[in-house]
Amino acid sequence: MGNREQVEQRVIVALDVPDEQSAIALIDQLPQVVWWKVGLELFTSTGPKILEVLKSRQKRIFLDLKFDDIPNTVAGACRSAATYGVDLLTIHATAGRDALKAATEASHEGATKAGVEPPKLIAITLLTSISARQLAFDLKIPLELPEYALEMALLAQESGLDGVVCSPQEVAQLRQTCGNDFLLVCPGIRPTWADIGDQKRSLTPAQAIIAGADYLVIGRPITTATEPELAWKRISEELTTVA
Ligand SMILES: O=c1ccn([C@@H]2O[C@H](COP(=O)(O)O)[C@@H](O)[C@H]2O)c(=O)[nH]1
């Protein structure tokens, strides 16, 4: 496999579209994309049907439903989600230690029952749309933002999760503390030519890889581009220079 193909396999494209038809159009427009992320918008619209569409095209799937509830409820949700045979699944670290442990166990149970590989369960540390100011003044968290993100990552690691979703701005610190076997998945990626939108803690694709991200999640810079294929190519070329 060439350097370019290897680096492309570290990009997960966020399929944030309203319906199955738009999703299929985008998937087929970008055949080079190996990883697709199905989030709240699309899954609420299509249900698990979209996962079958992706599997029939041999795609890898990040099911980003960001569960956040009491332990019994998140465990049930993870048990069900794990039966779909997806590769990555999310829960909020703020659900707490008991919920994270219950979710880990339940996702293994669900996968075993369905005869599929369990998903890598990863926790959201702090949404990349939250700034240091919002953390302090709106959420009233009395910790510096990097310290809070690290505490959430350590909670996830101690609870047996496979990794976390974090901002690329915190990834170097998390890599150093959590080690190389802990998955670090970074949304909030913005090439210099893309609008930042609602993201608050972003870096470019190349900067995020250099900082230690395993996977980059990129949505609108590709999916809302006038020419998504060209946006994908530009990102792939940027990454090839550093990978
Ligand atoms: O902290 C988080 C966790 C998840 N996301 C998701 O990633 C994509 C980013 O899309 P862009 O269009 O590139 O901003 C989106 O699906 C989010 O739900 C995140 O941004 N931050």
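Atoms within a ligand are numbered from 1 in the order they appear, just like the ligands themselves.
- For ligand 1, the atoms lying closer than 4.0 Å to a non-hydrogen atom of Lys66 are 3 (C), 4 (C), 18 (O).
- By the 4.0 Å N-to-carboxylate-O rule, Asp64 lies close enough to Lys66 to be salt-bridged with it.
- Among protein heavy atoms, atom 17 (C) of ligand 1 sits closest to Lys37 NZ, 4.0 Å.
- Nearest non-hydrogen protein atom to atom 9 (C) of ligand 1 is Gln199 NE2, 3.8 Å.
- Under 3.5 Å, the side chains of Thr94 and Asp68 contain a donor-acceptor pair of N or O atoms.
- Note that Arg60 lies outside the cation-pi zone of Trp36, set by a 6.0 Å cut-off to the ring centre and a 45° limit from the axis.
- Using a cut-off of 4.0 Å between Lys/Arg side-chain N and Asp/Glu carboxylate O, Arg234 and Glu238 are scored as not salt-bridged.
- In the vicinity of Arg190, heavy-atom distances shorter than 4.0 Å reach the ligand 1 atoms 11 (P), 12 (O), 13 (O), 14 (O).
- Residue-ligand proximity: Pro221 is placed with a non-hydrogen atom under 4.0 Å from ligand 1.
- A centroid separation of 6.0 Å or more is found between the aromatic rings of Trp35 and Phe62.
- Distances below 4.0 Å separate heavy atoms of Arg220 from the following atoms of ligand 1: 11 (P), 12 (O), 13 (O), 14 (O).
- We find that Arg4 and Glu8 are joined by a salt bridge, their nearest charged nitrogen and carboxylate oxygen being less than 4.0 Å apart.
- Checking Thr128, Ile189, Leu40 against atom 1 (O) of ligand 1, the nearest heavy atom belongs to Thr128.
- Distances below 4.0 Å separate heavy atoms of Pro187 from the following atoms of ligand 1: 2 (C), 3 (C), 4 (C), 5 (N), 7 (O), 19 (C), 20 (O), 21 (N).
- The contact set between ligand 1 and Val217, taken as ligand atoms under 4.0 Å from a residue heavy atom, comprises 7 (O), 8 (C).
- Across all their heavy atoms, Pro168 and Gly188 have their closest contact at CG-O, 3.8 Å.
- By the criterion of a heavy-atom distance under 4.0 Å, the side chain of Asp16, and not its backbone, is placed next to ligand 1.
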